[in-house]
Amino acid sequence: MLLPRQFYARDVLIVARDLLNCYLVREYNGHLLIGKIVETEAYHQNDPACHAYRGKTKRNEVMFGPPGHAYVYFTYGMHYCFNVVTGDIGRAEAVLIRALEPVKGIDIIRTLRGGKSDRELLSGPAKLTRGLAIDLKLNGYDLTEGKILYITKGEPVAEEDIVVTTRIGINAGKDLPYRFYLKNNKYVSKK
DNA sequence: CGTGCGATATTCT
DNA sequence: GAATATCGCACGG
């Protein structure tokens with residue numbers, strides 16, 4: 001089932017948790033590339049680690065728009081990261097998708113990633129954008145259209161199978177418990 | 001196994 | 001000029 005707009009129109013911490021076990025689907029050159037979401041992080045405008053903490057800019061303006069759209073940004077001079085916008089219009093919130101478990105189109109994904117082992121294919125925010133061919137052309141894209149790039153519902157996850165901890169790769173806001181991942185899943189990104 | 005660092009463009013101070 | 005929501009290779013044990 002395609003996730004509807006209302007799914008994204010909730011608090012970013014709730015959406016980040018509920019995205020675990022859902023499927024990210026990418027239509028690429030006639031192939032279907034699918035990964036199960038196993039790790040997420042939440043960011044919002046009152047959080048010092050958020051790109052929108054100091055207001056709207058050209059880069060982060062998508063986060064201020066309607067929920068259910070993709071926020072893709074370029075970082076470290078060579079990597080893209082993929083987020084989904086949440087919350088109400090005018091409030092900047094987004095969930096960073098940090099890791100996927102490969103499900104479908106694994107051969108194509110491996111080609112895009114340069115022939116890595118299964119565990120290395122999508123286990124990091126910049127790895128999964130490369131493996132699913134996501135770049136700035138998809139920034140602002142509406143994920144509720146159900147084409148090109150979208151997310152479908154997964155099996156419900158028990159509270160005891162979710163680990164909540166601090167985020168990776170940031171300094172500001174590093175003590176906030178805004179990172180969520182599936183316990184014992186080997187495709188979660190490493191520290 | 002583990003730690004350290006270079007790549008390389010955009011944004012921030 | 002410095003920092004950055006990162007990755008992968010080089011090196012040492």
Side-chain angles (χ1 to χ4, degrees), chain A residues 8 11-20 22 24 33 35 37-65 67 69-87 91-102 109-141 143 149 151 162-182 185-191:
Chain A
Y8 302 102
D11 185 85
V12 67
L13 293 170
I14 304 294
V15 178
R17 182 214 173 284
D18 285 357
L19 278 173
L20 292 176
C22 291
L24 179 60
L33 312 180
I37 297 173
V38 301
E39 179 183 1
T40 62
E41 284 181 0
Y43 291 85
H44 62 76
Q45 62 186 27
N46 300 123
D47 153 25
C50 182
H51 288 164
Y53 184 60
R54 291 175 185 79
K56 187 189 288 191
T57 66
K58 187 73 177 172
R59 174 174 67 166
N60 68 29
E61 63 184 354
V62 172
M63 267 201 281
F64 290 83
H69 288 246
Y71 169 46
V72 182
Y73 66 88
F74 183 66
T75 191
Y76 287 105
M78 63 185 81
H79 298 301
Y80 300 102
C81 291
F82 168 72
N83 303 246
V84 302
V85 176
T86 68
R91 177 170 171 78
E93 299 184 342
V95 177
L96 170 69
I97 308 300
R98 281 199 60 90
L100 303 173
E101 175 177 332
I109 294 170
R110 198 188 313 282
T111 302
L112 287 164
R113 288 277 295 128
K116 303 287 192 211
S117 68
D118 284 5
R119 211 177 60 188
E120 292 292 310
L121 291 180
L122 305 173
S123 56
K127 296 179 187 175
L128 70 91
T129 54
R130 186 150 187 87
L132 265 54
I134 295 170
D135 62 20
L136 286 181
K137 292 193 293 296
L138 288 167
N139 187 36
Y141 185 78
L143 301 171
L149 186 64
I151 303 176
I162 297 177
V163 180
V164 184
T165 182
T166 55
R167 294 171 292 184
I168 289 181
I170 57 169
N171 284 297
K174 62 168 181 269
D175 295 327
L176 295 169
Y178 283 3
R179 177 172 175 240
F180 304 82
Y181 65 90
L182 293 179
N185 187 290
K186 69 176 181 176
Y187 298 96
V188 170
S189 73
K190 301 225 179 18
K191 173 69 167 134

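Note that the coordinates shown come from a computational prediction; the quantities given were computed from them, not determined experimentally.
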> Does A/N171 make a side-chain N or O approach to OP1 or OP2 of C/dA3 shorter than 4.0 Å?
Replying inline: no

> How many Å lie between CZ on A/R119 and P on C/dG8, as a whole number?
Replying inline: 13 Å

>> I need the minimum non-hydrogen distance between A/L136 and A/Y73, along with the two atoms involved.
In response: CD2-CA, 4.2 Å

> According to the interplanar angle, ranging from 0 to 90°, do the rings of A/H51 and A/Y71 count as parallel (below 30°), tilted (30 to 60°) or perpendicular (above 60°)?
Replying inline: perpendicular

>> If I take atom CG in residue A/L176 and atom P in nucleotide C/dA5, what distance separates them, rounded to the nearest angstrom?
In response: 14 Å

>> Quick check against the 3.5 Å criterion: does A/D135 have a side-chain atom that pairs as donor or acceptor with the backbone of A/T129?
In response: no

>> Quick one: does any side-chain atom of A/N83 pair with a main-chain N or O of A/A94 as donor and acceptor, under 3.5 Å?
In response: no

> Just checking A/N83: base, sugar-phosphate only, or nothing, at a heavy-atom cut-off of under 4.0 Å?
Replying inline: base

>> Return a single string for nucleotides 8-13 of chain B, one symbol per nucleotide in 5' to 3' order, where B is base contact, S is sugar-phosphate-only contact and - is none, cutoff 4.0 angstrom on heavy atoms.
In response: BB-S-S

> NZ of A/K190 versus C1' of B/dT3: gap in Å, rounded?
Replying inline: 16 Å

> When you measure from the side chain of A/R113 to the backbone N and O of A/E120, does any donor-acceptor pair fall under 3.5 Å?
Replying inline: yes

>> Once you apply a heavy-atom cut-off of 4.0 Å, does A/L96 come out as touching a base, just sugar-phosphate, or nothing?
In response: base

>> For a quick check of understanding: with a heavy-atom distance under 4.0 Å over all strands, which category does A/A126 fall into, base, sugar-phosphate or nothing?
In response: sugar-phosphate

> Looking only at heavy atoms, what is the nearest atom pair of A/F82 and A/L128, with distance?
Replying inline: CB-CD1, 4.5 Å

>> Using whole Å, what does the distance between atom C1' of nucleotide C/dA3 and atom NZ of A/K174 come to?
In response: 14 Å

> Donor-acceptor pair, A/E39 side chain versus A/V188 backbone, under 3.5 Å?
Replying inline: no

>> For DNA chain C, please output the secondary structure as dot-bracket, reading 5' to 3'. Pairs are Watson-Crick or G-U wobble, both atom distances under 3.5 Å; mark crossing pairs with [ ], other-strand partners with |, unpaired with a dot.
In response: ||||.|||||||.

> Does OP1 or OP2 of C/dT6 have a side-chain N or O of A/R98 closer than 4.0 Å?
Replying inline: yes

> Taking the P atom of each, how far is B/dC5 from C/dA3, in whole Å?
Replying inline: 15 Å

>> Give me the atom names and distance for the closest heavy-atom approach of A/L138 to A/I134.
In response: CD1-CA, 4.0 Å

> Separation of A/H44 atom NE2 from C/dA5 atom C1', in whole Å?
Replying inline: 14 Å

> Does A/R167 use its side chain to pair, donor to acceptor, with the backbone of A/A42 at less than 3.5 Å?
Replying inline: yes

>> Counting the atoms with a prime plus P, OP1 and OP2 as sugar-phosphate, which does A/R113 contact under 4.0 Å by heavy atoms, base, sugar-phosphate, or nothing?
In response: sugar-phosphate

